[in-house]
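Input: a single structure, listed below in structure tokens.
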Amino acid sequence: MPIDISETGPYNFSSTELKWQDFWLKNDSFGTDYSSSKQKYYVLEMFMYPSGKVHIGHVRNYTIGDIIARYKRAKGFTVLHPAGWDAFGLPAENAALKSGMHPDDLTRKNIAVMKRQMLSLGFSYDWKREFATCDKEYYAFQQKIFLAFYKKGLAFKKKSEVNWDPVDRCVLANEQVIDGCGWRSGAPVEKRMLSQWFLKTTEFADELLEELDNLPGWPEKVKTMQRNWIGKSEGCSLIFKTEDGEEITVFSTRPETVFGATFLAISPDHPLTGRLAETDGRIKAFVENFKKGSVAQEFLDKQEKIGVDTGLRVRHPFTDEKLPVYVANFVLMNYGTGAIFATPAHDERDYAFALKYGLPVKRVVDSPQSIAELPYSGDGVMVNSGFLDGLSAVEAKEAVILKLCEIGVGRRKVFFRLTDWGVSRQRYWGCPIPIVRCDRCGIVPLEESDLPVSLPADVTFSGSGNPLDNHPTWKYTKCPRCGGDAIRETDTLDTFFDSSWYFLRFCVNDPNNGNLLEKRDIARWMTVDQYIGGVEHAILHLLYARFFSKALCECGFIDVREPFENLFTQGMVCNATYRRENGDWLFPEEVRKKPDGEYEVAATGEKVIVGHFEKMSKSKKNVVDPDEIVKNYGADALRVFIVSDTPPDRDFPWSDEGLEGCWRFINRVWRLFVYMKSCGICAEECSRMPKADDLASDIQKLYKDFQRTIKNVTDSVEERAMNKVMAHIRDGVNSVYALLEEAEANKEVFSVIVRDLIKLLAPIAPHICEEAWSMLGFEKSVSESSWPEYEKKYLEVSVINLPVQVNGKLRGTIVVDIDEDEKSVSEKALQLPSVQAALAGRTPKKTIFIKGRIINFAP
RNA sequence: GCCCGCGUGGCGGAACGGUAGACGCUACAGACUUAAAAUCUGUUGUCCUUUCGGGCGUGUGGGUUCGAGUCCCUCCGCGGGCACCA
């Protein structure tokens, strides 16, 4: 008869959670122990932008990190688990423009609100290391870094065409332009010529690419994205000459096809095109028409390949043929040399162009099947190619490069897609660039003694121009070199600059000594052992941070070239979406399910269109507020839910029923703990645990099964499969529930099992576990206890249910000893009626027997 | 177009090449209750069968194997990244 423990009052999560959050803060439970001799472990979640409120996506990110941090502490590591704020940025300034509130006040206010939310979720942070990137000490040091980069040539100013976001009225880096639009504003980006500060990311292009191979702890997906972004192409440059000595340098990754070149094509932006346009009206008209074109992807996809003959003719270096030179719209100035030799037979674009303008197509690579299909871009054997004939394409590539070098018209060349990182932003709310412009001395870096360059507090946001530039006095200063009048740089740094080294700042034990890159501290804590964040930063932040580590090494600040040992990218939190027929979004509480399974608007009975699960967003009205959930169900229930069911790297489908289920689970374990206490389960009993072998059979089985649970939970945490962690913990709870009536008579065993159960659940639901831990009389707090060890010998069972197959089909199971031999197992198995039926009187020709695993008869 | 990843019940998802569907959600039933809620206990891939049991089942078609959700090839579908990149 099952024992009824439903009378236990409900678990009072709100007072319990507050009590333990308070306890952790007061006891500095998660402070970083600098002097410990234990092995270090640095867990870091991507820090937060103080937008105003914590959203569920944050909860997921930080819960995953917190589980790892708490687990590693229990495993005996000394853990660094900090939190901070990525506090500079446009939204605060835009809000200031609207509301009149100063960005600093707004940011501090948002941080206060969000910190309270974070505390209410019970994350185990070392809050003593908290800081915001808008703190003066932080950005002052950042200016020092900028100066060091400047001295090393890693930061430089140049006039160039930049991406201008007309809505944010600000320059964007290439990485911040998605499909021709600004990453934040979504507005189509314009091209402008501006003098801008850049960081020389290309300096480390090769290292950024190659080091990816030494990051086994990163998702393959992210590494692939970075490889594509860096975009290394190896080939050679090649000079073509006209009769009158004009030289055109082209770049090719397939120089072996040079014998198939039938014309040259240069970009409309090529300098030569510009010169020709001065005298040739047709070229001028073509270029002007080209510049009107959009850069939007849909436009480019549909864009026909068109061009104009320049009339120039160049000499083929090997055949002496005269090749025409075209200006063509499909040749990009910002890649390679802005000029190509075209091989229509082996390139789709060249082929389309050649067909349109009646240019010859000359095949030089024979496909292995000799199929005539053109253009052919695969591997094969060289033909019609003079000294390359008969070579494979790969051999020919080497041979032709050697030859071109030898005759002095070609050079081996590598091009990267990666460009230098533009970091100037024409905005107030960012780190000022510590540079002045002096009429006499030009661009002059400030001396370290002049730092910090502080943001002026008294600014007005007019909505036009840069507030720093508009400030009446701020920018006027003296030149540190000559002492004459000078003007400060009024651009501020891209906020991705701020987030590129914050993880190093967290390492510093005493930020008051002014050195935020204290080498000894960084050596102690770096690299980040586990970094966790959204995949949307796969390129932007993660590439910049990697660049920074290398650049800081070059400047002698640190010695760690790769910052993140293991990276975990969690999926998005999604929720159902509902719309009216006219397309307006509806809140979930506005709709009602009808008996026929369709949905209607609760108030009016209008038809509702049920959309897909989409990423939670205010505009789609499918967000849920973490505050509300913590208030109604508690942080533990939310934490349990957000890691249950779905693997953390996949998108998480929100469901209110699922959350309810986790709330029931929290209460279920609470009733278990209360009932156990009433049975006399307590800390003391643990020491009286008898040898497991001496236990009654069902209790012994429970104990042994629980050893398996400990192993399963441990393995699942290690593989970051938090959904499996929860499943295995539930298994453990269920098996204890199944033997509730035995608890009182077996206090010792149940005490040990319950103790370990609390430890297993504590990283996910820390509050309820602390409460149970203290209720059952355990010492200290569960946060300070060690991770349970399982007894390996009990994982092995001696008697098993062995599957019996005939021809690979399951026909039954038999109970055998784990190491019972084939003869004995075979005899038992053959007696199964189902096996005899399947064999139908035949004698098995072959028996496959794997001890302790399976037996399979093949007739 | 190129490069990744993924297709398993009504749903989220488990499964060292060896008993497919753990764990949970939903739904249904039973116990408790005057009743409801809560709780506890069952059932819940599908088809045939009163039962026992059996057939079919991991996107499609093939292959390797005693044995395939898992390995190999083909195709289809979904998601993501890159993209006139020479």
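Predicted model, so just to flag it, every value in this text is computed and none were measured. Protein chains get the first letters and strands the later ones, always in sequence-line order, with residue 1 at the start of each. Any value given below was found using the heavy atoms of this structure, including those in side chains, with hydrogens, waters and symmetry copies removed.
Between the base of B:G18 and the side chain of A:Gln805 there is a donor-acceptor pair shorter than 3.5 Å. Donor-acceptor pairing under 3.5 Å, judged by distance alone, is absent between the side chain of A:Asn228 and the base of B:C82.
With sequence neighbours left out, the side-chain contact (heavy atoms from CB on, under 4.5 Å) criterion links A:Glu718 to A:Tyr71, A:Lys72, A:Lys75. Listed by chain and number, the residues in a salt bridge (Lys or Arg N to Asp or Glu O under 4.0 Å) with A:Lys362 amount to none (sequence neighbours excluded).
Using a 4.0 Å cut-off, no side-chain N or O of A:Arg664 falls inside it from OP1 or OP2 of B:G24. For A:Arg671 and B:C40, the shortest distance from a side-chain N or O to OP1 or OP2 is below 4.0 Å. Using a 4.0 Å cut-off, no side-chain N or O of A:Lys305 falls inside it from OP1 or OP2 of B:C84. Phosphate contact (OP1/OP2 of B:A86, side-chain N/O of A:Thr343, threshold under 4.0 Å): absent. Here A:Arg668 reaches the OP1 or OP2 of B:C40: one of its side-chain N or O atoms lies under 4.0 Å away.
Atom CD1 of A:Ile666 is separated from atom C1' of B:G24 by 14 Å (rounded to the nearest Å). B:G79 atom P lies 17 Å from atom NZ of A:Lys615, rounded to whole Å. The CZ-P distance, from A:Phe652 to B:G79, rounds to 21 Å in whole Å.
Taking atom P in both B:G13 and B:G63, the straight-line distance is 32 Å, to the nearest Å. Here the separation of B:A20 from B:C25, taken at their P atoms, is 26 Å to the nearest Å.
Here B:C32 sits opposite no nucleotide as a Watson-Crick or G-U wobble pair (both hydrogen-bonding atom distances under 3.5 Å). Here B:G45 sits opposite B:C56 as a Watson-Crick or G-U wobble pair (both hydrogen-bonding atom distances under 3.5 Å). Look at B:C66: its Watson-Crick or wobble partner, with both distances under 3.5 angstrom, is B:G18. Applying the Watson-Crick and G-U wobble criteria (two distances, each under 3.5 Å), B:C11 pairs with B:G24.
Under the 3.5 Å distance criterion, with hydrogens and angles disregarded, no donor-acceptor pair is assigned to the side chains of A:Asn622 and A:Thr577.
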Quick one, A:Phe13 with A:Tyr633, criterion ring-ring contact (aromatic ring centres under 6.0 Å, His included). Give me CA distance, side-chain angles, the key distance, then yes/no.
CA-CA 8 Å; A:Phe13 61 84; A:Tyr633 298 96; 7.8 Å; no
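Position along RNA chain B of the nearest nucleotide to A:Asp347 versus A:Met225 favours A:Met225 as the more 5'-ward residue.
For A:Trp654 and A:Phe613, the ring centers are positioned 6.0 Å apart or more. With ring centers used as reference points, A:Phe353 lies under 6.0 Å from A:Tyr326.
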Base versus backbone protein contacts along nucleotides 5-15 of chain B [heavy-atom cut-off under 4.0 Å; B, S, -]
-------BSSS
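By the neighbour-count criterion of 12 heavy atoms within 6.0 Å, atom NZ of A:Lys397 is densely surrounded, having more than that number from other residues, nucleotides or ligands.
A salt bridge is absent between A:Glu657 and A:Arg664; no separation between the charged side-chain nitrogens and carboxylate oxygens falls under 4.0 Å.
A syn orientation is assigned to B:G9, its glycosidic angle lying within 90° of 0.
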